[in-house]
Amino acid sequence: MMNNNMKAIITALLMTATAVHASSDNSGDYALDRIEAFSKIANLVEFYHPSESVQATDWEQFSKYGAHYIQQNTSQDFASQLKYLFNEVAPHVTFNDYLTEPERLREHDKVSGWINLGYPSKLGHYSFRREVNTINYGQLHTEPFLPQQQVYYAQLNGVYVRVPMLLEANKTAKDGGAYIVPAHVNIPDTLENPFYCFSVMSKVWGVMAHFGQYFHHVPVNWGAELRPLLSVCQTQDARKIENALKYTLTKLQDNHVYLYLRDVPAARYWPDVGFEMVEGKPVLIYKGSKVDELEVGDELVAVDGQDIRTLINEKIPYSLSAANTAASDVLGNEVLLRENPTDTVTLDIVNRDNQPYSVQLVTDKLRYESYYNTIDNYTHSSQATHQVLDKHIHYLDLSKVTNEALPGLMKKLETARGIIVDLRNYPSDWFAWQNFLTSIHDGKIEGPVYKIRVSNHPDYEQRHVFNLDLSRQGTSQRLNKPMVVLSSRYSISRNEFVLAFFQNLNIPVVGEATKGINGDLTYVLYGDVPYHLAIGFTGAEVRQADGSKLIGVGVQPDILVSPTLDDIRNNHDTIKDTAKKYLETLIQ
């Protein structure tokens, strides 16, 4: 075993450059086959090898300097490179060792192993955590969250790799030492440096590969996605790197996914307008008070002379959106984005009289201001939280109700013959919707199917999956009367979570198919604060109330209805109106 001083000396002798800058490397000569295999091995060791030295190692730095070492020492065979890099930090990981096997564990041996209950990120998370636990080897079968085999074997780039996933807790788990960054090598922390970029891509790919929950629902060969991510690093072009990441992450079809790169200037500004797809057309839903030229219901034809449908189709593969929502998401979040609040965009429009005209607008608003104003208009969220309609039907926007206000509202709802519950927008109060539900039914109320695939094995199909019981216990039938619940294309995550409880009470859903993603959000964060990269993704698998696929599909209403062009122009809430008419039939 190599001590830290010896490793530092050998590192200094082998490194050929004192500083590594993007301009000093020949972009055509990177040993990508080796770097790809090294990245996959580093992820295996970080996430599954339970030694104290692995826990203490900065794997972002290890990955960055490891890729550089491989590139600078291509005269060495690959197995020798790996032995050098991993010898101190993980001495029990072996390469091309065909003659020996790890010492066989006995029933009463105390062993250590990782429990990877989701990816917690640097911010921490109440649901997701990683920790090394110890157990008697003979009792291993009683703890399915731990690895159930001692060693994982793989062959990568011609090298036979052996990674112990269980180590003797009081002996081998303490062997090795944390990786020490070479003192004589300076790799700038910028995406335009290939070795830094290699490390970033390795991190992103590895977290998704080992903690992604939906690969059995999404048609993507994730193992093949690392190579193109590494290849784009050779361009030393941050914008191309961003596009490659977007292209790959879009394949996950996860409507929670978002991406931030500190090295890439972000386009954040938008004119004070908002569009949405209505009857297959990009239609103006919202306009600010100072936008006089446009009318709600006008159709968008082109942006800066480019056909809007062509523009949408070009952006869909990089949209970070699932296929079922991508066109709508691109229209609402991408097509009018600009980097400065003083930039302008020219819109070609067709009005309600089918007359074409053009207008130039300034991008003087943050995108999210216009986006949320558009949602509010589309879902009619500005209407009163509680309304008494004719025929003693009550309307309640449950997304806006606070737990403090709920008792007073429930007293009013007791007089209703039927109730419309609006869940088109995100429920803001975690307790309000639960307490409302418990007043409908006095028995057990099932929630959606919620699973976590525990990363106790590198192979996705062999990981342990467990279900969380999300049921609630009803306390009364105080509001047990004819009821419908509203959904929209903007209902996402907690909306879909709550909708499942209503579905399991056989309460009809009226409206649109929802976004189709549910489950706690977690993050890949690279670097120190302020982070160089941040990616949000869904860390648990949630299905429909009946156990069927939710991702990319959404909750399907019992009565499907969407606003028409006339509804938009006349500010008519057709979903609410349809729900009321249907509720009248239930009352009768």
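The analysis underlying the following values was restricted to heavy atoms, covering all of them including side chains, and did not include hydrogens, waters or symmetry mates.
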- Looking at L252 and M208, what are the two nearest heavy atoms and their distance? CD1-SD, 4.0 Å
- Query: Does any pair with a residue in residues 498-527 pass disulfide bond (SG atoms under 2.5 Å apart), and if so which ones, sequence neighbours excluded?
  - Reply: none
- Message: Please determine whether the number of non-hydrogen atoms from other residues, nucleotides or ligands lying under 6.0 Å from atom CZ of F145 exceeds 12.
- Response: yes
- Taking R543 for the side chain and S548 for the main chain, is one N or O donor matched with an acceptor at less than 3.5 Å? no
- Task: Go through the structure and list residues passing side chain to side chain donor-acceptor pair (under 3.5 Å) with S53, not counting sequence neighbours.
- Result: S51
- Message: Test side-chain hydrogen bond (donor to acceptor under 3.5 Å, both in side chains) on S321 and D329; report intermediate values, then the result.
- Response: CA-CA 7 Å; S321 296; D329 291 343; 2.8 Å; yes
- Y247 atom OH: more than 12 heavy-atom contacts under 6.0 Å: no
- Query: Taking the six-membered ring for Trp, are the ring centroids of H210 and Y119 within less than 6.0 Å of each other?
  - Reply: no
- Item | Side chains of L337 and R367 in contact at under 4.5 Å (non-hydrogen atoms) | yes
- Query: Is there a side-chain contact between S487 and V555 (heavy atoms, below 4.5 Å)?
  - Reply: no
- Item | Check: W433 ring centroid to F501 ring centroid under 6.0 Å | yes
- Note on the structure: Note: L521 and T538 closest approach over all heavy atoms is CD1-N, 4.4 Å
- Any chance the side chains of H217 and Q253 put a donor and an acceptor closer than 3.5 Å? no
- Task: Walk me through it: do R239 and E339 pass the test salt bridge (charged side-chain N to carboxylate O under 4.0 Å, His left out)?
- Result: CA-CA 14 Å; R239 187 65 73 182; E339 290 188 11; 3.3 Å; yes
- Counterpart residues, side chain to side chain contact (heavy atoms under 4.5 Å, CB included), relative to D520 (two or more places apart): H125, Y126, S127, F128, Y450
- Query: What residues, two or more places apart in sequence or in another chain, satisfy side chain to side chain contact (heavy atoms under 4.5 Å, CB included) together with L366?
  - Reply: R268, Y269, E369
- Near-ring test Y214/F537, centroid separation under 6.0 angstrom: no
- Query: Can you find a heavy atom in the side chain of S455 that is under 4.5 Å from one in the side chain of R130?
  - Reply: no
- Checking W205 side chain against R227 main chain: does a donor-acceptor pair fall under 3.5 Å? no
- Message: For residues 498-528, which residue pairs pass the disulfide bond (SG atoms under 2.5 Å apart) check, not counting sequence neighbours?
- Response: none
- Indicate yes or no: at least one non-hydrogen side-chain atom of D254 is less than 4.5 angstrom from one of V218. no
- Polar contact flag, side-chain donor to acceptor under 3.5 angstrom, S328-E276: yes
- Interatomic distance, D263 atom CG to I241 atom CD1 [nearest 0.5 angstrom]: 8.5 Å
- Would the F211 and F47 ring centres measure less than 6.0 Å apart? yes
- Does a donor on one side chain sit under 3.5 Å from an acceptor on the other, for Y152 and D459? yes
- Can the ring centres of F95 and F78 be said to be less than 6.0 Å apart? no
- Could you go step by step and tell me if Y460 and R453 meet the side chain to side chain contact (heavy atoms under 4.5 Å, CB included) rule? CA-CA 8 Å; Y460 179 84; R453 189 174 293 260; 3.4 Å; yes
- Message: Using modelled atom types and a 3.5 Å cut-off, is there a donor and acceptor pairing between side-chain atoms of E541 and backbone atoms of I452?
- Response: no
- Task: Quick one: pull up CG in L191 and CG in L261 and give me the separation to the nearest 0.5 Å.
- Result: 5.5 Å
- Do side-chain atoms of K122 reach the backbone of G527 as a donor and acceptor pair under 3.5 angstrom? yes
- Query: Is a side-chain N or O of S63 found less than 3.5 angstrom from the main chain of W59, in a donor-acceptor match?
  - Reply: no
- Message: Quick one, V553 with N324, criterion side chain to side chain contact (heavy atoms under 4.5 Å, CB included). Give me CA distance, side-chain angles, the key distance, then yes/no.
- Response: CA-CA 7 Å; V553 176; N324 62 315; 5.9 Å; no
- For the residue pair I440 and I445, establish whether any side-chain heavy-atom pair is separated by less than 4.5 Å. no
- Query: Going by distance alone, is a donor N or O of one side chain under 3.5 Å from an acceptor N or O of the other, for N255 and T325?
  - Reply: yes
- Any donor-acceptor pair under 3.5 Å linking the side chain of N116 with the backbone of Y48? no
- Note on the structure: Checking F198, F62, Y65 against F38 for ring pair (Phe, Tyr, Trp, His ring centres under 6.0 Å), the one that qualifies is F62
- Query: Once you round to the nearest 0.5 Å, how far does CD1 of I312 lie from CD of Q306?
  - Reply: 10.5 Å
- Quick one: are the ring centres of F497 and Y426 less than 6.0 Å apart? no
- Could you walk me through whether K64 and D58 pass the salt bridge (charged side-chain N to carboxylate O under 4.0 Å, His left out) check? CA-CA 10 Å; K64 178 171 67 171; D58 183 334; over 6 Å; no
- Query: In terms of heavy-atom contacts, does NZ of K451 have more than 12 from other residues, nucleotides or ligands at under 6.0 Å?
  - Reply: yes
- Item | Distance-only polar pair, side chains of H532 and R262, donor-acceptor under 3.5 Å | yes
- Item | Residue pair T134 / S112, side-chain heavy-atom distance below 4.5 Å | yes
- Message: Please check this pair: side chain of S493 against backbone of N518, looking for a donor-acceptor N/O pair closer than 3.5 Å.
- Response: no
- Nearest heavy-atom neighbours spanning S319 and T250: N-OG1, 3.5 Å
- V484 and Y582: side chain to side chain contact (heavy atoms under 4.5 Å, CB included), yes or no, with the steps? CA-CA 8 Å; V484 295; Y582 178 67; 3.7 Å; yes
- Message: Has Q148 got a side-chain atom pairing as donor or acceptor with E143's backbone, closer than 3.5 angstrom?
- Response: yes
- Would you confirm whether N495, through its side chain, and N425, through its main-chain N or O, come within 3.5 Å as a donor-acceptor pair? yes
- Pairwise side-chain contact, V207 with I535, heavy-atom cut-off 4.5 Å (strictly under): no
- Item | D429 side chain vs N403 backbone, donor-acceptor pair below 3.5 Å | yes
- Task: Evaluate salt bridge (charged side-chain N to carboxylate O under 4.0 Å, His left out) for D307 paired with R309, printing each intermediate quantity in order.
- Result: CA-CA 6 Å; D307 177 78; R309 297 181 187 277; 5.8 Å; no
- Go through the side-chain N and O atoms of S562 and E512 and say whether any donor and acceptor fall under 3.5 Å apart. yes
- Query: Do other residues, nucleotides or ligands put more than 12 heavy atoms under 6.0 Å from F431 CZ?
  - Reply: no
- Query: Is there a side-chain contact between L320 and K246 (heavy atoms, below 4.5 Å)?
  - Reply: yes
- Mark yes when over 12 heavy atoms from residues, nucleotides or ligands other than Y258 sit less than 6.0 Å from its OH; otherwise mark no. yes
- For P144, which residues count as a side chain to side chain contact (heavy atoms under 4.5 Å, CB included) partner, sequence neighbours excluded? H464
